[in-house]
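The next block holds one structure in the form of structure tokens; read it before the comments.
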Amino acid sequence: MENYKKSKIVEKPSPLPFTNLPSDIIEMKVKDGSKIRNLMGYAISKMESDSVRQILFTGSGKAISKTITCVEIMKRRLTGLHQITKVLFKQTEEIWEPIVPEAGLDTLTVKRNIPAICILLSKDALDSQEPGYQAPGSFDAFWIETLKAESQGQIKRKQGGGRGAGRTGKHPRSVGGRGESYKKP
């Protein structure tokens, strides 16, 4: 590939995985370089108005984690939001052209399937039988259970007494036990 340079990337259009969306729905296209502060400022101000009932967050590739972060921030700020998450692949084509056209090399086209995520947030109830559905407040129940399990686990761990290495730890300075100290030769 040292004889080629990437000339352009073409993203193949793919339909949204949701049906029956309103034509005026706000779609937040999260990119890898997007600033969360800017995205959330716009999205929250729109969702706080009574006229907007749904918002769609989409992201692909490296922007997937940022998309999920935006949705989680939105759900914390505006309680009572229903969520449906869809995971899919978007196809892109990279076109590579030879650096030296006289070398007789052909133009290369590389097709890639990039993971993508679409998350629909709604103030109104959505179909709870739809795969990927999350009811409002369902994450609170999960975290309460997790914290209960953790606190019980911490009590058991505290009874263990530390790193579990016994009297002579794995640390190089704990050579002979509690009474002796490590001296450099």
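Here the structure is a predicted model, which means the values were calculated and not measured.
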Check for me, please, whether [X] and [Y] land in the same ILVMFWY cluster - side-chain distances under 4.5 Å, paths through other members count.
X: Y42; Y: V71; answer: yes
X: L81; Y: I84; answer: no
X: Y133; Y: L56; answer: yes
X: L21; Y: V87; answer: no
X: I25; Y: L121; answer: no

Check: What's the spacing between L126 CG and Q83 CD if we round to 0.5 Å?
Finding: 9.5 Å
Check: Got a second to check how far K123's NZ is from Q54's CD, nearest 0.5 Å?
Finding: 10.5 Å
I want to check something: taking the side chain as every heavy atom from C-beta on, are [X] and [Y] in contact at a cut-off of under 4.5 Å?
X: I26; Y: M47; result: no
X: M28; Y: C70; result: no
X: T107; Y: P98; result: yes

Next item on the list: Check each of I68, T69, T85, V30 against F57 using the side-chain contact (heavy atoms from CB on, under 4.5 Å) test, and report the only one that passes.
Entry: V30
Checklist line | For the student: nearest non-hydrogen atoms of K86 and P131, plus distance | finding: NZ-O, 3.8 Å
Next item on the list: Please report the closest heavy-atom contact between G59 and I64, naming both atoms and the distance.
Entry: O-CG1, 3.9 Å
Quick one: does any side-chain atom of [X] pair with a main-chain N or O of [Y] as donor and acceptor, under 3.5 Å?
X: S7; Y: I95; answer: yes
X: Y4; Y: D106; answer: yes
X: K66; Y: S34; answer: yes

Item checked: salt bridge (Lys or Arg N to Asp or Glu O under 4.0 Å) against K62, all qualifying residues, sequence neighbours excluded -> none
Item checked: I99: hydrophobic cluster co-members (side-chain, 4.5 Å) -> V100
Notebook entry, point to check: What's in the same ILVMFWY side-chain cluster as I9, cut-off under 4.5 Å, chained through other members?
Noted result: none
Check: Applying salt bridge (charged side-chain N to carboxylate O under 4.0 Å, His left out), which residue pairs with at least one partner in residues 49-61 are found, sequence neighbours left out?
Finding: R53-D124
Margin query: Going by salt bridge (charged side-chain N to carboxylate O under 4.0 Å, His left out), name the pairs with one or both residues in residues 8-20, residues two or more places apart or in two chains.
Written below: E11-K90, K12-E93
Donor-acceptor contacts, no H, no angles, side chain residues 111-120, under 3.5 Å, sequence neighbours left out:
{"from": "R112", "atom 1": "NE", "to": "E94", "atom 2": "OE1", "distance (Å)": "3.4"}
{"from": "R112", "atom 1": "NE", "to": "E94", "atom 2": "OE2", "distance (Å)": "2.9"}
{"from": "R112", "atom 1": "NH2", "to": "E94", "atom 2": "OE1", "distance (Å)": "3.4"}

